[in-house]
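First up is the structure itself, then whatever we jot down about it.
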Amino acid sequence: MLMIAIALFAICALGLCAMGAKYCFGPVPADYHLKIMGLSKSDLTPQQITVFSAIYRVMGAGFFGLAIALASLSFFAVSLDMMWAKLTVLIVGLVAGIPALRITYSIHEKTGVETPWKPAAAIVIILILAFILSVL
């Protein structure tokens, strides 16, 4: 079960890398942000695009950092069946994942615009499943 858990933690890390890539290398601002604001990209000033770019790049780097931490703990400590590492991966993942899920879902519900709540939900669910499997 531990090897399956580590594989699932790795999938979570890959999902976080995908989100990091989206915000580090993707369009600024994202289409769904423009829809929520009721704007087109041509409505934004260069200064506003600069601010969005800075926020996106920092957020993307945070996703990459979280992915590296999760993968490192999984491969080097969870693989040794260390409970502190399993709990750390779970807690850090939930501290980041639950607000991301709750907020993106809430905005989706309020606006009807598709936000990235589904990837956030998938990562949180896989994270919890991996933790459960790691302790069995």
Side-chain angles (χ1 to χ4, degrees):
M1 292 292 189
L2 188 59
M3 293 310 293
I4 295 170
I6 292 168
L8 291 174
F9 283 140
I11 290 169
C12 290
L14 288 173
L16 291 167
C17 282
M19 294 302 294
K22 174 181 179 168
Y23 290 105
C24 278
F25 309 117
V28 176
D31 289 342
Y32 70 93
H33 287 146
L34 288 170
K35 287 179 187 174
I36 290 167
M37 294 184 295
L39 301 172
S40 68
K41 191 167 183 175
S42 63
D43 295 327
L44 298 176
T45 66
Q47 294 83 0
Q48 290 169 319
I49 292 174
T50 298
V51 170
F52 270 106
S53 294
I55 292 167
Y56 279 29
R57 301 319 179 225
V58 170
M59 189 166 55
F63 281 123
F64 280 129
L66 188 56
I68 291 167
L70 193 151
S72 297
L73 281 169
S74 297
F75 295 135
F76 299 116
V78 172
S79 65
L80 297 176
D81 208 19
M82 296 181 173
M83 182 55 84
W84 69 264
K86 297 173 190 180
L87 287 169
T88 300
V89 169
L90 177 69
I91 292 166
V92 169
L94 293 178
V95 165
I98 289 176
L101 171 57
R102 187 183 62 77
I103 292 165
T104 54
Y105 183 74
S106 171
I107 292 171
H108 166 73
E109 286 292 299
K110 286 179 187 174
T111 65
V113 174
E114 194 61 40
T115 61
W117 71 269
K118 291 175 187 174
I123 291 170
V124 168
I125 290 166
I126 293 168
L127 178 80
I128 293 168
L129 177 61
F131 173 77
I132 291 169
L133 290 174
S134 76
V135 297
L136 291 180

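Please read all numbers here as calculations on a predicted model, not as lab measurements. In this chain, residues are counted from 1 in sequence order.
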If you look at every heavy atom in [X] and [Y], which pair is closest and at what distance?
{"X": "Pro119", "Y": "Met19", "answer": "CB-SD, 4.3 Å"}
{"X": "Ala130", "Y": "Ala5", "answer": "O-CB, 3.2 Å"}
{"X": "Leu127", "Y": "Cys12", "answer": "N-SG, 3.5 Å"}

Separation of [Y] [atom2] from [X] [atom1] (nearest 0.5 Å):
{"X": "Leu44", "Y": "Thr50", "atom1": "CG", "atom2": "OG1", "result": "10.5 Å"}
{"X": "Met83", "Y": "Thr88", "atom1": "CE", "atom2": "OG1", "result": "11.0 Å"}
{"X": "Ile68", "Y": "Leu73", "atom1": "CD1", "atom2": "CG", "result": "12.0 Å"}
{"X": "Leu8", "Y": "Ile132", "atom1": "CG", "atom2": "CD1", "result": "11.0 Å"}
{"X": "Leu94", "Y": "Ile123", "atom1": "CG", "atom2": "CD1", "result": "12.0 Å"}

Grouping I, L, V, M, F, W and Y whenever their side-chain heavy atoms are under 4.5 Å apart, do [X] and [Y] come out in a common cluster?
{"X": "Trp117", "Y": "Ile126", "answer": "no"}
{"X": "Phe75", "Y": "Val135", "answer": "yes"}
{"X": "Phe9", "Y": "Leu2", "answer": "yes"}
{"X": "Ile36", "Y": "Ile103", "answer": "yes"}
{"X": "Phe76", "Y": "Leu14", "answer": "no"}

**OP:** Go through the steps for Ile55 and Val28 under the test side chain to side chain contact (heavy atoms under 4.5 Å, CB included), then give the verdict.
**Re:** CA-CA 10 Å; Ile55 292 167; Val28 176; over 6 Å; no

Original post:
Is there a donor-acceptor pair under 3.5 Å between the side chain of Lys41 and the backbone N or O of Pro29?
Top reply: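 No.
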
Original post:
Any donor and acceptor pair, going by atom type alone, linking the side chain of Thr115 with main-chain N or O of Thr104 inside 3.5 Å?
Top reply: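 Between the backbone of Thr104 and the side chain of Thr115 there is a qualifying donor-acceptor contact (under 3.5 Å).
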
**OP:** Taking the side chain as every heavy atom from C-beta outward, state whether Phe63 and Cys24 have any pair of such atoms under 4.5 Å apart.
**Re:** no

Subject >> Close side-chain approach of Asp43 to Leu34, heavy-atom, < 4.5 Å >> reply: no

Subject >> side chain to side chain contact (heavy atoms under 4.5 Å, CB included) partner of Ile4, the single match among Leu133, Leu136, Leu129 >> reply: Leu133

**OP:** Please assess His33 against Leu39 for the test side chain to side chain contact (heavy atoms under 4.5 Å, CB included), listing each intermediate value before the final yes or no.
**Re:** CA-CA 9 Å; His33 287 146; Leu39 301 172; over 6 Å; no

**OP:** For a ring-ring contact (aromatic ring centres under 6.0 Å, His included) with Tyr23, tell me which candidate from Tyr56, Phe64, Phe52 qualifies.
**Re:**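 Filter result, single survivor: Tyr56.
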
Subject >> Full working for side chain to side chain contact (heavy atoms under 4.5 Å, CB included) between Trp84 and Val89 >> reply: CA-CA 9 Å; Trp84 69 264; Val89 169; over 6 Å; no

Does atom [atom1] of [X] have more than 12 heavy-atom neighbours from other groups under 6.0 Å away?
{"X": "Lys22", "atom1": "NZ", "result": "yes"}
{"X": "Tyr105", "atom1": "OH", "result": "no"}
{"X": "Met82", "atom1": "CE", "result": "yes"}

**OP:** Check the pair Gln47 / Val51 against side chain to side chain contact (heavy atoms under 4.5 Å, CB included), numbers first and verdict last.
**Re:** CA-CA 6 Å; Gln47 294 83 0; Val51 170; 5.7 Å; no

Original post:
How would you list all residue pairs meeting salt bridge (charged side-chain N to carboxylate O under 4.0 Å, His left out) that involve residues 98-117, not counting sequence neighbours?
Top reply: Glu114-Lys118

